[in-house]
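To start, the structure under review is shown below, and the notes come after it.
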Amino acid sequence: AGLAALPHLLFAFLFTLHLWDSPVWLVVFSLATLGTAVFGWRHGKPMWVFPWLGYSMLPLLVAGLFLLFLPPWTYLAILAYIPLFCFLVGALTIQAIKRDWLYASLMLLPLPIAGGWLIAFQLQGGLVNYFGQHINTMEPWIALSFFTLALTAVTFVRFRRRRLKTGALLTPELIILVLMALTMKSVLGFLGLLLLAVFALAILLSPALIERRVRRGIMRGIMIEDGAEADLS
């Protein structure tokens, strides 16, 4: 439970301790996250590794949003970036679903929250400008949202029943979205909050919908192999 909550806590401390604007700390955090995710992935894919995998994808998300600030002709780069991002996230999600779709949702948990904050900053007047002028007033709320995700990871690991695990994933996510709405209500508005909530739920529940297709593909492959072995015998 502690290992599963640790990446959320580290990300929260980046804002609690005002370390988010230090390139050195950002690089250290990114490398530590990626290294831990790779280590856990190569050593049996334990439950605690999936939150680390989610945070290892955040630099890709931030890079995609920063592409929007480049000149118009760079939209070609965005068109090339989107399929790459979807391929990487999709490949990791499918591998996680093979263990359990709940693990895939646990991995994707921080993406809607981080994406929501970044979109709110963009609507406020530009991501770069917002980070340069107003981020200090938002640090406590951002940190609180990721501390909440740490608590979510702990309760998810400690709960045994699948219904409780599902509730542990969805309920805090909605609470954080309400927190974001109260903090940025002049920017997001009701429609923006509704769209963000639907988007977050779609991301967290999509592994459950994909799991059936993945398992059907696995079963079909097993049946084909069994049929081939029978023919050879």
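Starting from 1, each residue takes its place in the sequence as its number.
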Reported [atom1]-to-[atom2] distance for the pair [X] and [Y], which is rounded to 0.5 angstrom:
X      : Y      : atom1 : atom2 : result
Gln95  : Met107 : CD    : CE    : 10.0 Å
Leu84  : Leu88  : CG    : CG    : 4.5 Å
Leu106 : Leu149 : CG    : CG    : 10.0 Å
Phe146 : Leu109 : CZ    : CG    : 9.5 Å
Leu201 : Ser206 : CG    : OG    : 10.5 Å
Thr93  : Phe50  : OG1   : CZ    : 10.5 Å

How would you list, by chain and number, every residue that makes a side-chain hydrogen bond (donor to acceptor under 3.5 Å, both in side chains) with Ser145, sequence neighbours excluded? Trp117
Sequence neighbours left out, what passes side-chain hydrogen bond (donor to acceptor under 3.5 Å, both in side chains) with Tyr103? Give chain and number order. none
Taking salt bridge (Lys or Arg N to Asp or Glu O under 4.0 Å) as the cut-off, I'd like each qualifying pair that reaches into residues 143-161, sequence neighbours left out, listed once.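 For residues 143-161: none.
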Salt bridge (charged side-chain N to carboxylate O under 4.0 Å, His left out) partners for Arg162, two or more places apart: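 Per chain and number, Arg162 pairs via salt bridge (charged side-chain N to carboxylate O under 4.0 Å, His left out) with Asp100.
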Kindly check if the number of other-residue, nucleotide or ligand heavy atoms within 6.0 Å of CZ (Phe85) is above 12? yes
If we ignore hydrogens and angles and just use 3.5 Å, is the side chain of Ser105 paired with the main-chain N or O of Leu204 as donor and acceptor?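 Such a contact is found between Ser105 side chain and Leu204 backbone.
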Using the rule that two of Ile, Leu, Val, Met, Phe, Trp, Tyr join whenever any of their side-chain heavy atoms come within less than 4.5 Å, decide whether [X] and [Y] are in one cluster.
X      : Y      : result
Ile203 : Leu205 : yes
Ile176 : Leu144 : yes
Leu31  : Val49  : no

Using links of under 4.5 Å between side-chain heavy atoms of ILVMFWY residues, direct or through other members, which residues join Leu164 in one cluster? Phe159
Share the residues that join Val28 in a hydrophobic cluster, the rule being Ile, Leu, Val, Met, Phe, Trp or Tyr side chains under 4.5 Å apart at the heavy-atom level. Val24
For residues 57-64, run the donor-acceptor check on the side chains, cut-off 3.5 Å, and write out each pair with its distance to 0.1 Å, sequence neighbours left out.
none

What side-chain donor-acceptor pairs closer than 3.5 Å can you find for residues 1-16, not counting sequence neighbours?
{"residue": "His8", "atom": "ND1", "partner": "Tyr55", "partner atom": "OH", "Å": "2.6"}
{"residue": "Thr16", "atom": "OG1", "partner": "Ala12", "partner atom": "O", "Å": "3.0"}

Is there any side-chain hydrogen bond (donor to acceptor under 3.5 Å, both in side chains) pair reaching into residues 24-48, and which pairs are they, with sequence neighbours excluded? none
Mind listing the closest non-hydrogen atom pair of Ala37 and Leu53 along with its distance? CB-CD2, 3.7 Å
Atom of Ile97, atom of Glu211 and distance for their closest heavy-atom approach: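 Minimum heavy-atom contact is CG2-CA, 3.5 Å.
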Just jot down the side-chain contact (heavy atoms from CB on, under 4.5 Å) partners of Pro172, sequence neighbours excluded, or say none.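 Testing Pro172 for side-chain contact (heavy atoms from CB on, under 4.5 Å), a comparison that skips the adjacent residues, returns Thr148, Thr152.
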Does the side chain of Leu111 reach to within under 4.5 Å of the side chain of Phe199, using non-hydrogen atoms?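 With C-beta onward as the side chain, the pair stays apart.
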